[in-house]
Structure formats: C-alpha cells, structure tokens
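Single-structure report; data block below.
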Amino acid sequence: MEMKELKFDIFEDGPLVKSVSITKIMPCMAEEGRVKLAMQLDSTLDQVMPIFAGKFPPGKVNYIPHKKILTLNTHERVISFFPSGRIMMMNTRDPEEGIKIITGFMEKINQCYLESESGDAGEDLSEKLSKIGPLNIYNCLPQTNCEECGTATCMAFSMKLLSGDSTLDQCKPLLKAENQNKVNSLKELLGDQLMKNLGWVGN
Amino acid sequence: MSSLLVIIDKAPYGHENALSGIYIAIASLDRGMDSDVLLMGDGVYAAQKNQSADKTIGYPSVSELIYSIFPNGTLFVHLDSLTQRGMKYEDLVEIAELIDGKTLHELSKSKKHIIKI
Amino acid sequence: MRITDTNNRKSSHPKVMVIVLSDGPYISQYADIGYKMAQKALELGYGVKIFLYMDGVHIPQKDQNPRTLPNISQSFEELIEKGCEIKACIRCAAARGYMEESQYLEGVEITSVYDLAEWMDENSKVVMLGS
Amino acid sequence: MAIKMHIGFILTKSPSQQGFRTFIDFSKLYINNDRISIYLLGNGVYCARKSYSDPDLETLFKSSKVHVSGSDLKARGIEDEMIKEDMIVFSEYDDMIIDVMENFNQVISF
C-alpha cells in the first residue's frame with residue numbers, strides 16, 4: 001500500500017492546473033492486471049467544474065451539481081473528478097497510461113478556466129445534461145431513417161449523438177430548409193452551446 | 001443482483017474495523033454487488049477529510065481508501081452521529097452523503113445483506 | 001425446508017449461512033458462538049461457510065492447547081469434517097504470520113476478501129460476529 | 001410506503017459495550033415499521049436483566065419478540081426470575097438458525 005508521491009509537471013505555465021500527482025495505486029479487481037489510480041491536481045476545480053462538465057457528450061457524463069463531482073465514462077473506463085482537484089481513474093493499465101489520459105483532461109480544464117475568467121463560459125449545462133435522453137433528441141430529428149448518417153435508424157443515431165460517436169452535422173436532412181423547425185426544436189432542447197458540442201455546424 | 005450495506009461504527013486506526021469494512025465494500029462492488037458504506041457512531045470519524053495516516057503512523061489512510069467505492073458505491077454518514085460529535089458536512093470527504101433516519105430505514109430495507117463491523 | 005445429510009461432504013443445500021468471525025479465539029466468546037451456530041445449521045441441513053477476518057484468522061491455528069477453555073481448533077476440525085467451508089482473509093492472515101495453509105487445520109483455505117463477497121449472494125444469510 | 005418486513009437482530013453486547021449504541025440507533029428505525037425479532041447471546045443477555053433499564057431498550061423490547069440464550073444467562077448467574085417480562089429463554093440454537101435462514105428477511109448482528 002505504501003508509496004511516495006509521484007508528481008508529474010505537465011503544463012509549466014498552465015493558467016489553472018500545472019501538475020498532477022499519483023497519490024495511490026490500487027489493484028482494480030474488476031479487470032485482472034488493471035489498476036485504480038488516485039490522483040491529485042495542483043489546483044481545486046470548483047470554479048471550472050460546471051463548464052468542464054458541459055464539454056462532454058451528455059451520454060458519457062454523470063454530474064452531481066450540488067457536490068460538483070463529475071464522473072466520465074470514457075477511454076473504456078470510469079474517471080471521477082472532484083472539486084478538490086482529486087481524480088479517481090478505474091481500470092487503468094499503468095500510471096504512464098493514466099498520466100497520458102489525464103494530460104488531455106488537464107488541457108481541457110485549463111481552457112475551461114480561461115473561458116470562465118473571460119466570462120464567455122456560456123450557460124451552465126450541468127443541470128441540463130442529466131435531463132437529455134435519446135428520446136428527447138429523436139423527437140427533434142427528421143425520423144426518416146434515411147441512413148445518410150451511416151446509422152440504420154434515427155433512434156440509433158440519437159443514441160450515438162449522446163455517446164459522442166456521431167455528430168449532428170452527419171444528419172444531412174437537418175440541413176434542408178423544410179427541416180428548419182426540427183433544428184429549432186433541437187436548439188430549444190440543447191441550447192447553442194450543446195448544439196456546438198454535438199457537432200452542429202449549420203445555423 | 002445481491003446487495004450489501006456495510007455499517008462501520010468504530011473510529012479509524014484505533015481499530016482495524018473501518019479499514020476492513022471498506023475492503024469488504026470494495027470487493028463486493030468489484031464483484032458487481034450494489035454495495036454502500038454507512039458510517040454511524042464513532043465510524044463517522046472515518047469520513048473526516050485531510051487524514052494523513054500513511055505519512056504519520058504508517059497506516060493506509062481511510063479517507064483516501066474510501067474514494068475507491070465511488071461512484072458505484074455511496075458513502076453514507078449518519079446525520080445524528082455527525083451532529084452529536086459536533087462535526088459538519090464541510091469537515092467530510094467529498095463523496096460523503098448525509099443520511100437521516102427515515103432515508104436510512106428505506107436504504108437498509110433495500111439491501112439483501114447488512115453487516116456491522 | 002429440505003434436510004440433507006451433510007456428513008463428510010460439502011453441503012448441497014441451496015441455502016447457506018455465512019458466518020464472519022473477526023475476533024481471535026479465547027479473548028471473546030465469538031468463536032464459540034460461531035461454532036455453535038455453524039454446528040446447528042449443519043445439523044439442520046444448511047450449507048455453512050465461515051470467513052475468518054481480522055483477528056479471526058487465529059482461530060484455526062494448529063496445536064492449540066487451552067488449559068482452561070474449550071479447544072476451539074478441535075471444534076472447528078469437527079465443523080470441517082461435517083462439510084463446513086472455512087476460508088481466511090489473506091491480508092489479515094499474512095499480517096499475522098500465517099503464510100502457509102499448513103499452519104492451519106487441514107481444509108482451511110487462505111483466500112482473499114473477494115471470496116466473502118461472492119459468498120454474499122441471493123441464497124445466503126450473513127452473520128457477523130466480533131467485538 | 002415500503003412493505004413490512006421481518007428483521008432479526010442478534011445482540012451479543014452488554015449495554016456499555018461498543019456497538020450497543022449503534023444497535024439501539026439502528027434498530028430504532030424499524031420500530032412501528034416492521035416486525036422485529038431479537039436474539040440475545042453472550043454478553044447480550046445482560047440486557048435481559050430486570051434490574052437494567054434503558055428507555056430506548058424498553059421501547060424496542062416492547063415492539064419486538066425477544067429470545068434469550070438460557071446457557072448464557074445461567075453462566076452469568078442470571079436466574080429466570082431476574083429477567084424482564086415476555087422474554088423467551090431458549091436452550092438450543094434450532095429456532096434461531098431457522099429464523100435466520102427461513103423467517104427473517106434480514107439479519108443483522110451487533
């Protein structure tokens with residue numbers, strides 16, 4: 001169990017987070033040979049958490065607003081971010097892999113920090129995220145099952161949207177004028193910010 | 001699916017129980033059980049944040065280990081036990097959820113197994 | 001309720017009583033209470049599994065010779081003969097110097113707490129005994 | 001409202017032992033909600049003494065079926081007339097095991 005802290009300096013001049021430490025390495029019995037990593041960032045995340053939570057496909061996010069705890073289902077594992085700057089990463093090959101993955105998130109966190117500082121953070125999506133399901137999205141799609149997006153049905157497509165495996169611009173019919181009302185209802189449901197996150201490029 | 005509630009009512013470090021109770025919770029969660037940990041009585045001290053047992057007395061820090069049950073398992077802290085000890089929600093590790101008697105009754109009734117360690 | 005003969009073999013009864021012991025022998029009455037429960041449950045035809053946790057790992061140590069108290073290891077030997085499964089937590093056992101199963105009564109396994117987790121299924125009832 | 005269930009408690013602690021308070025606070029939750037059976041073993045039998053009274057314990061006992069281990073009572077010099085009303089003294093573990101395995105929806109030991 002005993003180990004001394006492993007500190008990794010990632011972004012020398014990162015506006016918010018610069019380094020991350022691995023505070024504990026535990027066996028992850030869920031999968032043989034994998035480990036569970038406890039990590040600690042060099043800064044708290046209270047301020048950026050709501051924005052950070054909005055940066056991911058809703059289907060991959062589990063956010064507890066009153067605690068500001070973000071749990072992501074990504075990279076074939078569960079990763080939890082805590083406002084104190086603590087991170088728990090399950091099902092990880094080794095510390096190196098963990099750090100590689102976390103570096104990407106630290107970059108995102110720093111971006112979110114800049115946004116929140118410059119005030120153009122946009123709306124707080126954290127409340128919204130939990131409420132949007134595939135059916136809500138499906139209802140706003142053309143529902144023609146045209147397969148132009150490469151997915152058999154519009155229902156399957158809306159699920160892929162939420163999981164981040166498809167983007168809105170792949171739905172060609174949406175760009176047609178006669179479907180403007182669909183686009184509007186989508187915007188109503190998601191808001192511009194999420195529309196952008198889900199890959200909407202039209203207007 | 002089987003389910004479990006582990007009740008810890010002893011303070012950490014003075015006894016091995018808190019640590020051992022958390023290990024049972026972690027193991028059952030890893031095995032896909034719907035498990036949670038409940039801290040009652042002196043057990044609530046296990047949720048005190050900023051413990052540093054590893055660096056001081058060389059014991060694995062319970063407040064560190066307890067994070068391993070998150071997010072699949074919940075760390076419940078018995079509200080009355082907490083207030084009796086003059087502690088506040090802010091004193092606790094982030095994953096701690098306060099629970100009152102009525103909610104606890106519902107929770108415990110939903111469990112197949114309950115062990116007090 | 002089905003009664004099956006459990007002598008000299010692992011019980012096939014679907015319902016299992018899991019007893020977790022966390023005290024060492026003699027320091028408290030728990031090892032004895034656990035033994036009495038296990039013995040009766042076996043007699044009634046239930047499956048019985050005992051998990052030794054924390055100081056409980058001292059219980060099945062060989063060559064115990066309590067001058068004034070009932071000999072726990074003899075009681076547990078009898079349980080094993082009657083088909084009771086007994087496992088000791090490896091973390092607790094190693095910490096207390098039990099690295100070899102040969103230090104224990106024959107039939108006692110040193111395994112991890114994951115085995116206890118697997119015992120706590122839909123068909124079992126768990127009784128935890130300790131200070 | 002959740003369904004009524006039959007909960008079994010096994011108490012092995014005397015009132016001043018660690019764990020007794022947890023037992024009282026936890027068992028409280030089930031009073032007036034569920035059917036409660038209690039088995040007093042080991043030092044738990046001291047709770048059966050007339051001479052000991054704790055308001056919480058009395059309330060709990062009133063709404064429960066309480067069994068006491070006869071051998072543990074005698075071992076501690078507690079005669080039948082020294083224990084509280086409506087306690088079921090048992091000598092063999094049969095009923096307890098069958099309750100645990102067949103009749104209790106949940107069993108919790110303190």
Side-chain angles (χ1 to χ4, degrees), chain C residues 1-4 6 11 13-23 25-51 53-56 68-70 72 75 79 82 84 116 119-131, chain D residues 5-23 26-27 34-48 67-78 89-110:
Chain C
M1 191 188 79
R2 197 170 101 251
I3 307 283
T4 55
T6 58
S11 167
H13 196 290
K15 289 185 181 174
V16 174
M17 174 176 265
V18 174
I19 300 170
V20 183
L21 295 169
S22 62
D23 272 19
Y26 316 119
I27 188 160
S28 71
Q29 206 183 333
Y30 291 106
D32 277 314
I33 293 174
Y35 159 69
K36 284 174 73 181
M37 283 188 179
Q39 182 199 38
K40 183 57 72 177
L42 287 165
E43 192 183 307
L44 291 169
Y46 295 107
V48 178
K49 298 174 177 180
I50 297 179
F51 194 82
Y53 205 42
M54 299 193 276
D55 276 358
T68 53
L69 293 159
I72 292 288
S75 315
L79 292 178
K82 290 185 176 160
C84 176
L116 173 58
W119 282 358
M120 295 190 285
D121 61 18
E122 290 297 339
N123 304 317
S124 65
K125 288 281 175 56
V126 181
V127 176
M128 175 105 205
L129 296 171
S131 299
Chain D
M5 55 188 260
H6 189 178
I7 174 109
F9 292 108
I10 297 176
L11 179 64
T12 59
K13 310 282 194 297
S14 76
S16 60
Q17 269 180 294
Q18 204 280 341
F20 178 84
R21 216 48 252 167
T22 315
F23 163 69
F26 193 82
S27 55
D34 304 281
R35 190 168 150 214
I36 307 173
S37 292
I38 302 171
Y39 279 88
L40 302 175
L41 303 178
N43 282 353
V45 301
Y46 286 118
C47 302
H67 308 252
V68 195
S69 160
S71 54
D72 284 314
L73 283 171
K74 285 178 191 53
R76 291 160 175 78
I78 306 168
V89 178
F90 67 93
S91 53
E92 290 299 313
Y93 275 18
D94 298 64
D95 294 353
M96 177 172 69
I97 300 299
I98 290 166
D99 267 348
V100 169
M101 299 307 289
E102 308 292 335
N103 305 331
F104 296 159
N105 300 99
Q106 285 181 334
V107 60
I108 315 173
S109 45
F110 289 87

Test item: Ser109(D) side-chain N/O and Met128(C) main-chain N/O as donor-acceptor pair under 3.5 Å
yes
Report which part of Ser124(C) has an atom under 4.5 Å of a heavy atom belonging to chain D: side chain, backbone, both, or neither.
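For Ser124(C), there is no contact with chain D at all, as no heavy atom is under 4.5 Å.
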Please work out which of the three classes, parallel, tilted or perpendicular, describes the rings of Phe9(D) and Phe110(D), given edges at 30° and 60°.
tilted
Between Ser37(D) and His6(D), a side-chain donor and acceptor under 3.5 Å
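Ser37(D) vs His6(D): donor-acceptor pair found between side chains.
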Check: Tyr93(D)/Glu43(C) side-chain N/O donor and acceptor closer than 3.5 Å:
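No.
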Is the shortest side-chain heavy-atom distance between Ile7(D) and Ile36(D) below 4.5 Å?
yes
Validation row: Lys125(C), Val127(C) side chains within 4.5 angstrom (heavy atoms):
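Not in contact.
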Any residue of residues 31-38 of chain C which, by heavy atoms, sits under 4.5 Å from chain D:
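Result: Ile33(C), Lys36(C), Met37(C).
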